[in-house]
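Comments concern the structure below.
The structure presented is a predicted model; accordingly, all values stated were derived computationally and were not measured.
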Amino acid sequence: MSTKIKLQETKKLFDFFNLSEFETAEKRIFFISCSLLIVFYIFRLISDSFFLSDSYEYLQVARIIYDFKYFDNDTDGFLLTKRPFVYPLFLAIVYNLKTVVILFIQSLFGILNNLILFKIFKKLGIPIKKLIVFLLLFTPSIFIYTQLIMADWLILLFLNILLLLLIQNWNTSNFKYIQILTVLLAFTKPVFYPFIYINFLFFGIYFLRKKIFSFWLFVPIIILQLYLNFNESKTGYRHFSSIENINLINYNLYYFKSSTQSVDEAEQWRKQVYSKKLKDETFKGQSIYLKALATKEIKDNFISYSFYHFYTAIRGTLDPGRFDLMTFFKKEDGNQGLLEALNGRKPLKSIFFNKYFVIYLLLIPIFLLNILKWFYFSTFVFKNRLNTRYWYLILLVAYHILITGPVNCARYMMPLQGIVFAFALVSFYQNKKEQTFA
């Protein structure tokens, strides 16, 4: 790379972090939004609770990367594919630091996320007012998962960058960054890997219509196929992530049976699935069996399961995040969430009759705000004539909601909040302007 190009890139980077485009009042709003990260960080330190059950698996993979054993034949293929390498790679880099320092670094990335979000608002002509602080404050999952050893904040960062790229005037040179982000999303959270195929079809059709070509269209697909081959060579089974079958059996179908039959029947079914015979199988044998069993169950109950999957996916968009707030007060064991009650695993009254009930009062404004956010997001979609790039983002949001299904909740919606904020605020101010001139 020539010195001139390096200087240009350095200038672009400097310009990005320059706040001169914001007015004094707007800068004040930005710094208030960043102070929220500090406040929540202090709460996290006081809670002395920095991990969820998934956190320890990320740390295990980070240790494997740190010890340069990721490609060793004797490393656990089940674990490595369950927790892909992007977030564990970050943890490996900071592995020797104290947890509170790692979370502080993640908080700095949270400030970067805020900056990107404010740049997006400015680009879309959204007034930067106190309403933005209100939106952030009553979307606490953003702060909560930025300050836990979890990968969700990284997905939020990638999606915010993706949003910022796509609202620019179309630039084919930016397309490579969109494709890189698509790959990073998949290798941070396996739920995004099928979107690589959607990405290929979407931009493939777009390029055909525009009669243009870019080799970068094929890059995510090629990387995906290479990774599938790598996993097959390592485990004997061609797959992207071992979490696929875990989610299908332990959550999607388990919750479905708990809801449509009973908790006892669902428990009995799950015990039968994980019989001693299955435990004696190889990873390949287990995977083939679980995949076939889950596929048969869904086919046998296709209409009822499809309705249940769709309904619970939509329901999750309004989840106020009781589980998230409880991470400040109680060690997570996987059974505290509202989903456990809504999906029939425990009585609904158990949610309310405990010493933390006062905390639930905070959920009321969060829930109401969720309704408003998604209402204005929906009106943005249906009232505006949108270009192709916006439809790509809407397709991504819809995909993420629907594929999450019965486990959808505030945590899974957290990475989408940048896109939801941006489109909802555009719609809100459009509606306000129409009322002014009515």
Side-chain angles (χ1 to χ4, degrees), residues 185-186 189-202 205 224 238-274 286-320 323 334 337-346 348 370-371 373-375 377-378 381-382 391-416 419-420:
L185 286 169
K189 284 279 191 179
V191 70
F192 284 100
Y193 99 83
F195 194 75
I196 288 176
Y197 296 109
I198 297 173
N199 167 281
F200 179 77
L201 289 173
F202 185 94
I205 294 169
L224 173 59
R238 188 176 178 81
H239 70 298
F240 185 87
S241 173
S242 58
I243 206 168
E244 297 170 52
N245 289 329
I246 295 172
N247 279 352
L248 278 172
I249 300 296
N250 291 0
Y251 296 101
N252 291 18
L253 286 169
Y254 175 81
Y255 283 152
F256 172 67
K257 289 181 176 292
S258 295
S259 177
T260 57
Q261 299 174 20
S262 71
V263 177
D264 290 340
E265 288 178 277
E267 288 283 1
Q268 187 61 35
W269 173 79
R270 188 161 62 176
K271 285 179 182 178
Q272 289 176 351
V273 169
Y274 293 104
Q286 289 179 357
S287 300
I288 292 172
Y289 170 76
L290 292 173
K291 185 74 171 180
L293 179 66
T295 302
K296 183 178 184 305
E297 285 286 341
I298 292 172
K299 283 183 177 178
D300 290 346
N301 302 278
F302 184 75
I303 295 176
S304 56
Y305 177 79
S306 297
F307 175 80
Y308 176 77
H309 187 100
F310 178 80
Y311 157 69
T312 51
I314 300 301
R315 181 189 68 189
T317 62
L318 303 179
D319 175 35
F323 174 89
L338 183 61
L339 281 177
E340 297 295 312
L342 291 177
N343 288 313
R345 190 173 178 182
K346 62 183 181 182
L348 191 61
N370 280 346
I371 294 174
K373 280 190 296 188
W374 286 106
F375 169 77
F377 178 90
S378 300
V381 174
F382 293 112
W391 279 115
Y392 180 79
L393 290 163
I394 291 162
L395 181 63
L396 190 154
V397 170
Y399 160 84
H400 186 61
I401 292 170
L402 293 176
I403 201 169
T404 308
V407 298
N408 196 16
C409 59
R411 172 189 161 191
Y412 293 111
M413 289 297 96
M414 173 269 200
L416 301 178
I419 300 172
V420 176

Exercise for review: Go through the side-chain N and O atoms of Asn199 and Tyr392 and say whether any donor and acceptor fall under 3.5 Å apart.
Suggested key: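 Looking only at side-chain atoms, Tyr392 and Asn199 do form a donor-acceptor pair, the distance falling under 3.5 Å.
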**Study point:** Val407/Tyr255 under side chain to side chain contact (heavy atoms under 4.5 Å, CB included): CA gap, chis, key distance, verdict
**Key:** CA-CA 9 Å; Val407 298; Tyr255 283 152; 4.1 Å; yes
Compare all side-chain heavy atoms of [X] with those of [Y] and state whether any distance is below 4.5 angstrom.
| X | Y | value |
| --- | --- | --- |
| Val191 | Ile403 | yes |
| Asp319 | Asn408 | no |
| Asn301 | Tyr308 | no |
| Glu267 | Tyr254 | yes |
| Ile401 | Thr317 | yes |

Point-to-point distance, once rounded to the nearest 0.5 Å, from [atom1] of [X] to [atom2] of [Y]:
| X | Y | atom1 | atom2 | answer |
| --- | --- | --- | --- | --- |
| Cys409 | Arg315 | SG | CZ | 10.0 Å |
| Trp391 | Leu396 | CH2 | CG | 14.0 Å |
| Lys189 | Ser241 | NZ | OG | 10.5 Å |
| Leu201 | Ile196 | CG | CD1 | 12.5 Å |
| Thr404 | Tyr251 | OG1 | OH | 14.0 Å |

Check your understanding: Pick from Phe192, Tyr193, Tyr197: which one makes a ring-ring contact (aromatic ring centres under 6.0 Å, His included) with Phe240?
Key ->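 Looking at Phe192, Tyr193, Tyr197, the match for Phe240 under the ring-ring contact (aromatic ring centres under 6.0 Å, His included) is Tyr193.
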Write down the atom of [X], the atom of [Y], and the distance for their closest heavy-atom approach.
| X | Y | result |
| --- | --- | --- |
| Arg270 | Asn250 | NH1-O, 3.4 Å |
| Val420 | Lys373 | CG1-CB, 4.1 Å |
| Leu248 | Ile298 | CD2-CD1, 4.0 Å |
| Pro320 | Ala410 | C-CB, 4.3 Å |

Could you check whether any side-chain N or O of [X] sits under 3.5 Å from a backbone N or O of [Y], counting only pairs where one atom can act as donor and the other as acceptor?
| X | Y | result |
| --- | --- | --- |
| Ser259 | Phe256 | no |
| Asn252 | Pro406 | no |
| Trp269 | Lys257 | no |

Review point. Is the number of heavy atoms from other residues, nucleotides or ligands within 6.0 Å of CD1 (Ile303) greater than 12?
Key: no
Exercise for review: Could you check Ile198 against Leu395 for side chain to side chain contact (heavy atoms under 4.5 Å, CB included), going step by step and ending with a plain yes or no?
Suggested key: CA-CA 9 Å; Ile198 297 173; Leu395 181 63; 3.5 Å; yes
